[in-house]
Amino acid sequence: QVQLVESGGGSVQAGGSLRLSCAASGRTFSNYAMGWFRRAPGKEREFVAALSRSGDHLYYVNSVKGRFTISRDNAKNTVYLQMNSLQPEDTAVYYCAASVTLTTQALGVNYWGQGTQVTVSS
């Protein structure tokens, strides 16, 4: 089992920034690819960003490229999502995800965090 706990969500105005953190415990963190997904009100959960176990391979959904940065610190068992230039359409619950194989699909995720709310006002 891997336990994931997100933090760093909140409310910001458009153009602002937030940094989400996800602390992992349980099995060896470096054995898992990590990612972030989000679910906006009334919408399906969607992929946001993913990072390989070593951090060498990164993927982003097109809508966040150039604004969001995913990173990981294997020594701290933590993955981050730096979000800049936030827009109202980024409003969602953001979920941390751990997977044995790097994936951009929710079905491929092995463990989920509980989610953290991000609200961006115009």
Side-chain angles (χ1 to χ4, degrees):
Q1 287 284 348
V2 175
Q3 292 78 42
L4 303 173
V5 179
E6 302 99 332
S7 61
S11 298
V12 295
Q13 291 192 327
S17 298
L18 284 173
R19 187 194 198 201
L20 305 183
S21 298
C22 173
S25 60
R27 295 188 176 180
T28 305
F29 178 72
S30 59
N31 286 346
Y32 293 88
M34 299 299 297
W36 291 92
F37 289 72
R38 66 186 179 187
R39 177 176 285 160
K43 295 187 177 182
E44 296 290 321
R45 187 176 304 194
E46 70 165 348
F47 166 76
V48 176
L51 183 66
S52 63
R53 287 176 288 181
S54 64
D56 290 344
H57 302 283
L58 302 91
Y59 298 91
Y60 297 95
V61 68
N62 285 339
S63 60
V64 308
K65 284 181 180 177
R67 301 189 298 122
F68 291 12
T69 302
I70 187 172
S71 62
R72 68 189 296 162
D73 185 336
N74 286 345
K76 295 183 178 180
N77 292 352
T78 302
V79 62
Y80 305 97
L81 186 67
Q82 178 66 44
M83 305 186 294
N84 298 328
S85 301
L86 282 161
Q87 299 301 316
E89 53 266 34
D90 296 316
T91 295
V93 177
Y94 283 71
Y95 297 90
C96 179
S99 55
V100 173
T101 303
L102 181 62
T103 182
T104 62
Q105 304 297 316
L107 287 177
V109 172
N110 298 102
Y111 301 101
W112 292 100
Q114 83 286 350
T116 186
Q117 177 70 46
V118 171
T119 303
V120 185
S121 59
S122 58

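Fair warning: this is a prediction, and the values are worked out from it, not measured in the lab.
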- Query: For Q105, does the CD atom sit with more than 12 other heavy atoms under 6.0 Å from it, leaving out its own atoms?
  - Reply: no
- Query: Nearest heavy-atom pair of S71 and V79: which atoms, and what distance?
  - Reply: O-CG2, 3.1 Å
- Just do the side-chain contact (heavy atoms from CB on, under 4.5 Å) check on M83 and V64 with the steps written out, would you? CA-CA 8 Å; M83 305 186 294; V64 308; over 6 Å; no
- Task: Evaluate the ring planes of Y94 and F68, with Trp represented by its six-membered ring, and classify them as parallel (under 30°), tilted (30 to 60°) or perpendicular (over 60°).
- Result: tilted
- Message: Between E6 (side chain only) and G115 (backbone N and O only), is there a donor and an acceptor less than 3.5 Å apart?
- Response: yes
- Task: Start with the C-alpha gap between V118 and R38, add the side-chain angles, then the distance that decides, and say whether side-chain contact (heavy atoms from CB on, under 4.5 Å) holds.
- Result: CA-CA 9 Å; V118 171; R38 66 186 179 187; over 6 Å; no
- Query: More than 12 heavy atoms of other residues, nucleotides or ligands under 6.0 Å from CZ of R72: is that the case?
  - Reply: yes
- Heavy-atom donor-acceptor pair, E46 side chain to E44 backbone, under 3.5 Å: no
- Message: Grouping I, L, V, M, F, W and Y whenever their side-chain heavy atoms are under 4.5 Å apart, do L86 and V48 come out in a common cluster?
- Response: yes
- Query: Ignoring hydrogens and geometry, is there a side-chain-to-backbone donor-acceptor pair from Q114 to V5 under 3.5 Å?
  - Reply: no
- Task: Check for a donor-acceptor pair, side chain of Y60 on one end and backbone N or O of I70 on the other, with a separation under 3.5 Å.
- Result: yes
- Query: Of the non-hydrogen atoms in A14 and S122, which two are nearest, and what is the gap between them?
  - Reply: CB-CA, 4.3 Å
- Message: Would the distance check show the side chain of T91 and the main-chain N or O of V120 forming a donor-acceptor pair, the cut-off being under 3.5 Å?
- Response: yes
- Test applied, side-chain contact (heavy atoms from CB on, under 4.5 Å); reference residue, W36; option that passes from V61, L81, L51: L81
- S17 to S85 - nearest heavy-atom pair and separation: OG-N, 4.3 Å
- Task: To the nearest 0.5 Å, tell me how far S11 OG sits from L18 CG.
- Result: 8.5 Å
- When rounded to the nearest 0.5 angstrom, what is the spacing between CG in N77 and CD in Q3? 11.5 Å
- Task: State yes or no: do V93 and Y80 share one hydrophobic cluster built from I, L, V, M, F, W and Y residues joined by side-chain heavy-atom distances below 4.5 Å, directly or via other members?
- Result: no
- Query: What is the distance from atom OG1 of T119 to atom CG of D90, rounded to the nearest 0.5 Å?
  - Reply: 11.0 Å
- Item | Non-hydrogen atoms of T78 and K76 that approach each other most closely | OG1-O, 2.8 Å
- Is N110 reaching over with its side chain to a backbone N or O of V100, donor-acceptor style, under 3.5 angstrom? yes
- Message: Tell me whether T28 contacts the main-chain N or O of S30 through its side chain, where contact means a donor paired with an acceptor under 3.5 Å.
- Response: no
- Query: Are Y32 and L58 co-members of a hydrophobic cluster defined by side-chain heavy atoms under 4.5 Å apart?
  - Reply: yes
- Message: Set out, in order, the CA-CA distance, both residues' side-chain angles and the distance that settles side-chain contact (heavy atoms from CB on, under 4.5 Å) for F37 and V109, then state yes or no.
- Response: CA-CA 10 Å; F37 289 72; V109 172; 3.7 Å; yes
- Query: What is the distance from atom CE of M34 to atom OG of S52, rounded to the nearest 0.5 Å?
  - Reply: 12.0 Å
- Query: Which heavy-atom pair separates A24 from L4 by the least distance, and what is that distance?
  - Reply: CB-CD2, 3.6 Å
- Note on the structure: Closest non-hydrogen atoms of Y59 and L102, given as atom of the first, atom of the second and distance, are CE1-CD2, 3.1 Å
